[in-house]
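Worksheet: the structure to be examined is printed underneath.
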Amino acid sequence: MPTRISGQIENVTFTNEETGFTIAKVRVAGRGDLVTVVGNLLAPVPGELLDMDGEWTQHPRFGEQFKVDRFTTKVPATVHGIRKYLGSGLIKGLGPVMAGRIVDRFGQDTLEVIEHHRDRLAEVPGIGEKRIAMVADAWRAQREIRDVMLFLQSHGVGTGYAVKIFRHYGNRAVAVVRENPYRLATDIAGIGFITADRIAEKIGIPRDAPMRVAAGVLYVLNRLADAGHVYFPEAALIDRAREALAVEQALIVQSLKTLAAEQLIIIEGLPPGAAGAEDVSRPVYLTTFHRCETAIARKLKALLEVPRAQPVVEADPALAWVQQGLAITLSENQVEAVRAAITRKVMVITGGPGTGKTTTVNSILRILGRAAARVLLAAPTGRAAKRMSEATGREAKTIHRMLEYNFQKGGFQRNEENPLDCDALIVDEASMIDTVLMHHLLKAVPLTTAFILVGDVNQLPSVGAGNVLGDVIESGAVPVVRLTQIFRQASRSQIIVNAHKINEGIVPLTDAAGADEPGQDFFFIEREDPEHVLDTIIALVLKRIPKGFGLDPLNEIQVLTPMHKGVVGTTHLNRKLQEALNPGEGGVARGELFYRVGDKVMQTRNNYDKEVFNGDIGRITALSAEAREFTVVFDGRAVAYDFSDLDEIVHAYAVSVHKAQGSEYPAVIFPVLTQHYILLQRNLIYTAVTRARRLAVLVGTRRALAMGVKSARTERRFTRLCERLRQLTS
């Protein structure tokens, strides 16, 4: 229950200058012992008086603590407090001895003298002009910190965000927030439009203010980009913005004109042939996405027009040689794919599981290697790159690593001015590459390099905006080879057979066998009620699959789900699976969640400093409440986090299907219920099933499975890459 206490800081046990997190001992009236307080206290100083709102907590190791949510500071009023305050290191060059002399001279008037009569400090023996100036400057800095914190907290900004704002803007923070609080949404990590809008309301900015409408339109466009759209039709965008901002349409129309004039957005003319089409609104782009999409089309056209650098390989002798050397017989489609890869400039190889993509890529690599061609291999994620390395026996890098991303140096170091050094570049899991990443990749590809994309176009599109692989294939601008034959060894797997059935709109066999019978790899367990589905999933993870298949529940079994909410959504599943697999008291709290040593977690955004990326899964191996740090191990590599980074981490006992793209797991469990009907579609079920390597278990109803498999609809993503490629290459 929220409580208010007041007291004076006696000593500071720990403070993080970046985040403001502090552990301090505070003397509270009426308490005989010192109280341990924890929370974000920017620049805490012994002797300082605090009024704190928060709650009492019980730490399993350190006992009773007061967790601070909000606070205000006051300068000390007693001679003892002032002496402690000034002698605490608050002022560089002013130690306890000199602080004592100042307090001895001025007593309770000390802080008044420093604030308003600094020249009187010369009355203190041994203090010179230089030290007086240092005292005055340090005092002013402390006053600015207090003023900023007081202003921000009085306008509904929590202490944690207030610390970030002050660290970013310094003593300009109040002026920035007063002038345009919507800058916070773009400048400060973790503060979005909703928070900035709440602050704006508190400081009296009208709801129809142009700055609010402009920020709101950009917010809506960014949300649409998060949903996969590279652009959005103008009329539909206006409707979305009106709903989000509750303002008149005319204000939004004017804001679009202003944003376009400021080049924050691009509004294109109507696409050719749009008259009479279902959607005839002008495309509205965030400028970044327009630049990336147009650049992708131009670069692919340029690549198609320039001959290959490597020696031309005679296809027929090379194909005969590689099949003899690998002791294989390539299918007709594989022969076509290898021929195109060694003779054409840009191409796509697409196919489902078991159709021989890996064999095809290995054949291409053998032939190019014999011709002494320099070949690079890449994939969008670390997991996909690792799988590519294992399958080919050659080094494969993530696209970010291959392009030498460096945050401190401003981004990707490989580009037009510093291109990749290769004759051919083969990129796997190409369906995962979004518009922005493809733009940066192509910037670094030399015009003479052969560019080969490999992927399964029937999977879900990229998490980021765009549908690059699908658009490139649909455009007809580059050669595309579809691998369709399921090879004999793969045809023994019901996972692969049923995945292809799903892709063809055929409901797979759904016998009611249990998932603990060795020799089978695909099961459907019928359960009607979501609670029963949940209980079955927990039993499968905890006992049945480990017992029947010898798989590790934490490292080898992955629950995938279509939704975040609901009984079998990621949020509830993670809570229940954590209770089953990693029970315990306490941990690090974030909202209603607790993170503990041993937890399975996922990174939710690209963090280039740490070299961990959206979708990477690891385990928490260490956690220190005192240091406010925890460690996550990803594929054997330990990565250190501060508690302020917890917004980048979620539990990963259960993850969305989208987040699982590019990954394979020994066992996959996937709930299929009619409650998911909005999201249940063929490519989602297909993607979930194809993540399984040894075992796939679907739990739910046959009706829901049939609904999803029969639904070939996919949510439309607004992109113009396909049209641009057609126009440029026709």
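The figures that follow rest on heavy atoms only: side chains count, while hydrogens, waters and symmetry mates do not.
Considering every non-hydrogen atom in both T604 and I649, the closest pair reads OG1-N, 4.2 Å. Residues G7 and M52 come closest through the heavy atom pair N-CE, 4.5 Å. Closest heavy-atom contact between V533 and P671: CG1-CB, 3.9 Å. The two atoms that bring V113 and R120 nearest to each other are CG1-CB, 4.0 Å, heavy atoms only. The minimum heavy-atom distance linking V35 with F66 is given by the pair CG1-CB, 4.2 Å. Nearest heavy-atom pair across P553 and L581 is CB-CD2, 3.7 Å.
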Could you tabulate the donor-acceptor pairs under 3.5 Å formed by side-chain atoms of residues 181-192, not counting sequence neighbours?
from: Y182; atom 1: OH; to: D197; atom 2: OD1; distance (Å): 2.6
from: R183; atom 1: NE; to: D187; atom 2: OD2; distance (Å): 3.3
from: R183; atom 1: NH2; to: D187; atom 2: OD2; distance (Å): 3.4
from: T186; atom 1: OG1; to: R183; atom 2: O; distance (Å): 3.1
from: D187; atom 1: OD2; to: Y169; atom 2: OH; distance (Å): 2.7

Give every donor-acceptor pair under 3.5 Å between a side-chain atom in residues 213-226 and any protein atom, sequence neighbours left out.
from: Y219; atom 1: OH; to: R223; atom 2: NH1; distance (Å): 2.7
from: N222; atom 1: ND2; to: L218; atom 2: O; distance (Å): 2.8

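Annotation for K659: atom NZ counts as buried by contact number, over 12 foreign heavy atoms lying within 6.0 Å. Residue E179 qualifies as open at atom CD: its count of foreign heavy atoms under 6.0 Å is 12 or below. Atom CD of E112 has more than 12 neighbouring heavy atoms from other residues, nucleotides or ligands inside a 6.0 Å radius. More than 12 heavy atoms of other shown residues, nucleotides or ligands fall within 6.0 angstrom of atom CD in Q58.
Interatomic distance, S656 OG to M563 CE, rounded to the nearest 0.5 Å: 12.0 Å. In this structure, CD1 on I238 lies 9.0 Å from CZ on R242, to the nearest 0.5 angstrom. Summarising the geometry, atom CD1 belonging to I617 is positioned 6.0 Å from atom OG belonging to S663; distances are rounded to the nearest 0.5 Å. With values rounded to the nearest 0.5 angstrom, F232 atom CZ is found 4.0 Å from R240 atom CZ. Between L646 atom CG and F630 atom CZ the span is 4.5 Å, to the nearest 0.5 Å. A distance of 13.0 Å separates CG in L49 from CZ in F71, rounded to the nearest 0.5 Å.
In the model, T570 has a side-chain atom that pairs as donor or acceptor with a side-chain atom of H564 under 3.5 Å.
Using modelled atom types, one side-chain atom of Q661 and one backbone atom of L460 make a donor-acceptor pair closer than 3.5 Å. For T631 (side chain) and T621 (main-chain N/O), no donor-acceptor pair under 3.5 Å exists by modelled atom type. Side-chain atoms of R619 come within 3.5 Å of backbone atoms of G598 as a donor-acceptor pair (strictly under, hydrogens ignored). Using modelled atom types, one side-chain atom of N582 and one backbone atom of V597 make a donor-acceptor pair closer than 3.5 Å. A distance-only check finds no donor-acceptor pair linking the side chain of E579 to the backbone of G584 [under 3.5 Å]. Not a single donor-acceptor pair under 3.5 Å links the side chain of T22 to the backbone N or O of A24. Without hydrogens or angle criteria, E201 side chain to P206 main chain gives no donor-acceptor distance under 3.5 Å. Judged purely by atom type and a 3.5 angstrom limit, D642 has no side-chain atom pairing as donor or acceptor with the backbone of E629. Put simply, the side chain of D552 gets close to the backbone of L554: a donor and an acceptor are under 3.5 Å apart.
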Inset, instruction - Check the pair L577, I538 against side-chain contact (heavy atoms from CB on, under 4.5 Å), reporting the backbone distance first and the verdict last. - result: CA-CA 7 Å; L577 287 166; I538 293 172; 4.1 Å; yes

Inset, instruction - Check the pair V38 / V68 against side-chain contact (heavy atoms from CB on, under 4.5 Å), numbers first and verdict last. - result: CA-CA 6 Å; V38 296; V68 181; over 6 Å; no

Inset, instruction - Go through the steps for T398 and Y405 under the test side-chain contact (heavy atoms from CB on, under 4.5 Å), then give the verdict. - result: CA-CA 10 Å; T398 64; Y405 188 92; over 6 Å; no

Inset, instruction - Begin with the C-alpha distance, continue with both residues' side-chain angles, and end with the deciding distance and a verdict on side-chain contact (heavy atoms from CB on, under 4.5 Å) for V247 and R212. - result: CA-CA 10 Å; V247 297; R212 177 177 185 267; 3.8 Å; yes

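Y641 pairs by the side-chain hydrogen bond (donor to acceptor under 3.5 Å, both in side chains) definition with Q603, not counting sequence neighbours. With sequence neighbours excluded, the residues forming a side-chain contact (heavy atoms from CB on, under 4.5 Å) with V567 are P530, E531, L534, H572, listed by chain and number. For the side-chain hydrogen bond (donor to acceptor under 3.5 Å, both in side chains) test, residues two or more places apart in sequence or in another chain that qualify with T36 are K25. Among residues two or more places apart in sequence or in another chain, the salt bridge (charged side-chain N to carboxylate O under 4.0 Å, His left out) test is passed with E10 by R27, K84. In this structure, the salt bridge (charged side-chain N to carboxylate O under 4.0 Å, His left out) partners of K610, at least two apart in sequence or on a different chain, are D645. The ring pair (Phe, Tyr, Trp, His ring centres under 6.0 Å) check on H400 picks up F412, Y608, F613, with sequence neighbours excluded. In this structure, the salt bridge (charged side-chain N to carboxylate O under 4.0 Å, His left out) partners of D53, at least two apart in sequence or on a different chain, are R4. For the ring pair (Phe, Tyr, Trp, His ring centres under 6.0 Å) test, no residue two or more places apart in sequence or in another chain qualifies with Y653. Judged as a side-chain hydrogen bond (donor to acceptor under 3.5 Å, both in side chains), and not counting sequence neighbours, D434 has no contacts.
Residues M602 and D616 fail the side-chain proximity criterion, which asks for heavy atoms closer than 4.5 Å. Using a 4.5 Å heavy-atom threshold, the side chains of V26 and L34 count as separate. In this structure the side chain of R575 reaches within 4.5 angstrom of the side chain of T571, judged on heavy atoms. Looking only at side-chain heavy atoms (C-beta outward), I265 and F289 stay at 4.5 Å or farther from each other. Two residues are said to be in side-chain contact when any heavy atoms from C-beta on lie closer than 4.5 Å; V79 and V103 meet this criterion. For the pair V650 and N574, the minimum side-chain heavy-atom distance is 4.5 Å or more. The closest side-chain heavy-atom distance from L256 to L237 is below 4.5 Å. The closest side-chain heavy-atom distance from V124 to F106 is below 4.5 Å.
A salt bridge links D33 with R31: the distance from a Lys NZ or Arg NE/NH1/NH2 to an Asp or Glu carboxylate oxygen falls below 4.0 Å.
Applying the salt bridge (Lys or Arg N to Asp or Glu O under 4.0 Å) test to residues at least two apart or on different chains, the pairs with a partner in residues 97-107 are R83-D104, R105-E123.
Side-chain rings of H651 and Y595 approach one another, their centers coming within less than 6.0 Å.
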